[in-house]
2 protein chains.
Amino acid sequence: MNLNVLLNKLKANGYKTTEQRKVILQVLVSNDQNLISVETILSKSKEMNPKTNMSTVYRNLEILEKLDLLYKVIAENGMTLYKLACSDKHHHHLICKGCGKTEVIDFCPLKSLIQLSKEKNFNLTEHKLELYGYCKDCEYNKKQP
Amino acid sequence: MNLNVLLNKLKANGYKTTEQRKVILQVLVSNDQNLISVETILSKSKEMNPKTNMSTVYRNLEILEKLDLLYKVIAENGMTLYKLACSDKHHHHLICKGCGKTEVIDFCPLKSLIQLSKEKNFNLTEHKLELYGYCKDCEYNKKQP
DNA sequence: ATGAAATTGCAAGTTACTTGCAATAAGAAA
DNA sequence: TTTCTTATTGCAAGTAACTTGCAATTTCAT
C-alpha cells in the first residue's frame with residue numbers, strides 16, 4: 001500500500017490531504033512490515049515534520065481504523081500497536097516478540113501454521129486464539145429485545 | 001477451582017489469608033465461567049466487604065497472574081478482563097461478546113473449532129489468532145549478545 | 001503473647017489516550 | 001484567484017485505568 005493510494009482512499013471519504021497526514025501515513029507505509037507504537041509513529045513523524053502533534057497522530061489513526069486501513073494489536077502491557085492493513089483477504093500474522101516484525105500467513109488451520117512457522121525459521125513460543133461471537137442466550141436476547 | 005485450593009496455593013507461596021483476599025477470590029470463583037472487569041470485581045467484593053479497596057484488588061490480581069492462576073484478556077477498548085485459569089492443559093475459549101461468558105475448548109485445529117462452536121450454538125462472528133515468537137534475526141541476536 | 005513480614009487504605013502520581021476550542025489550512029465554488 | 005465552507009490542527013486541560021509510597025494494620029510462625 002503506497003502513500004497516494006492511501007491519500008486517495010481518504011479523499012474519497014471526505015478527508016483532506018495535509019502535511020501532517022502525509023507524514024504520518026509515510027511513517028506507516030515505510031514500516032508496513034512492523035507493528036509500531038503511537039510513540040514511535042509520533043517521534044518518526046516529528047523527524048519529518050517537527051510540528052506534528054500527538055493529538056493529530058491519534059486522530060489520524062482513528063480515521064484509518066474506521067476505514068479498515070489499519071491493523072491493531074493490543075499488547076499484554078496494554079499498549080496499542082499498529083500497522084497498515086495489508087489486504088482484505090482473511091489472513092493471520094506471525095508477530096516477533098523481539099522487534100514487532102510481522103509476517104503474513106495466508107491460511108488458517110493451526111497445524112499447517114505451525115509447520116509454516118518452522119519453514120520460516122520463526123521460533124514460535126506462544127499463540128493466542130480467541131473466538132468471539134454470541135452465545136445461545138445472548139443471540140436469543142438480540143432477536144427478542 | 002474452589003476458594004480453599006486457591007488460598008492454599010497462595011499460602012504455599014508465602015501469601016497470607018486476609019479477609020479482603022478471601023472476598024476477591026470468592027468473587028472470581030463464583031464467576032469462573034465469565035470474563036469480568038476489575039470494576040466488577042471491585043464492586044462485587046465491596047458488596048461482601050465494603051472496605052475492599054481498589055489497590056487491593058489490583059495487587060491481588062497481580063499475584064494471581066504471577067502464579068498463573070489467572071486468565072487475562074485485553075479487550076479492544078483496552079480494558080482488561082479476568083477469569084480464573086481453569087487447567088494447565090492447553091486449550092482455547094469461546095468468548096461471548098455480549099456477556100463475557102466463556103466456554104472451554106479442548107483442542108486446537110481451527111476447522112474443528114468452527115464445527116464445535118456450531119454444535120454449541122455459539123454464533124461465531126470473529127476470531128483472532130496471533131502467533132508470537134522470535135524471527136530468525138532476533139533469535140540469532142539472542143544467541144550472540 | 002510477641003514480633004517480623006505481609007497486607008492494606010489512602011492519596012498522590014503516572015501513562016496513554018481524549019476532548020473542547022480557537023486558529024489555521026484545504027479545496028470546492030464563485 | 002478570491003471567497004467561503006468545512007476539515008484539520010495545536011494546545012492545554014481532562015479522563016480512565018491503573019500504580020506507587022508510606023504509615024497503619026493484620027496475619028501467623030514462634
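Per chain, numbering begins at 1; letters A, B, ... match sequence-line order.
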OP1 or OP2 of [N] versus the side-chain N and O atoms of [X]: is any pair under 4.0 Å?
X        : N       : result
Tyr58(A) : dC17(C) : yes
Gln20(B) : dG9(C)  : yes
Thr56(B) : dG9(C)  : yes
Asn53(B) : dT7(C)  : no
Thr80(A) : dC17(C) : yes

Practice task
Compare every heavy atom of Val27(A) with every heavy atom of Ile41(A), then report the nearest pair and how far apart it is.
Solution key: CA-CG1, 4.2 Å
Exercise for the section: Compare every heavy atom of Met54(B) with every heavy atom of Leu42(B), then report the nearest pair and how far apart it is. Expected result: CD1-N, 3.8 Å
Among [options], which is the nearest nucleotide to the side chain of [X]?
X        : options                  : value
Lys16(A) : dT9(D), dG9(C), dT6(D)   : dT6(D)
Ser55(A) : dC11(D), dC28(D), dT8(D) : dC11(D)
Arg21(A) : dC17(C), dT9(D), dT7(C)  : dT9(D)

Just checking [X]: base, sugar-phosphate only, or nothing, at a heavy-atom cut-off of under 4.0 Å?
X        : result
Asn13(A) : nothing
Thr18(A) : sugar-phosphate
Met54(A) : base

Practice task
Find out if a path of hydrophobic residues (ILVMFWY) with successive side-chain heavy-atom gaps under 4.5 Å connects Ile74(B) to Leu70(A).
Solution key: no
Practice task
Look at the side-chain heavy atoms of Ile, Leu, Val, Met, Phe, Trp and Tyr, link any pair under 4.5 Å apart, and say whether Leu84(A) and Leu61(A) land in one connected group.
Solution key: yes
Problem - Whole-Å distance separating the CG atom of Asn60(A) from the P atom of dA7(D) - result: 15 Å
Practice task
Would you kindly give the CG-to-C1' distance between Leu42(A) and dA16(C), to the nearest whole Å?
Solution key: 12 Å
Exercise for the section: Between Glu39(A) and Arg59(A), name the one whose nearest nucleotide on DNA chain C is closer to the 5' end. Expected result: Glu39(A)
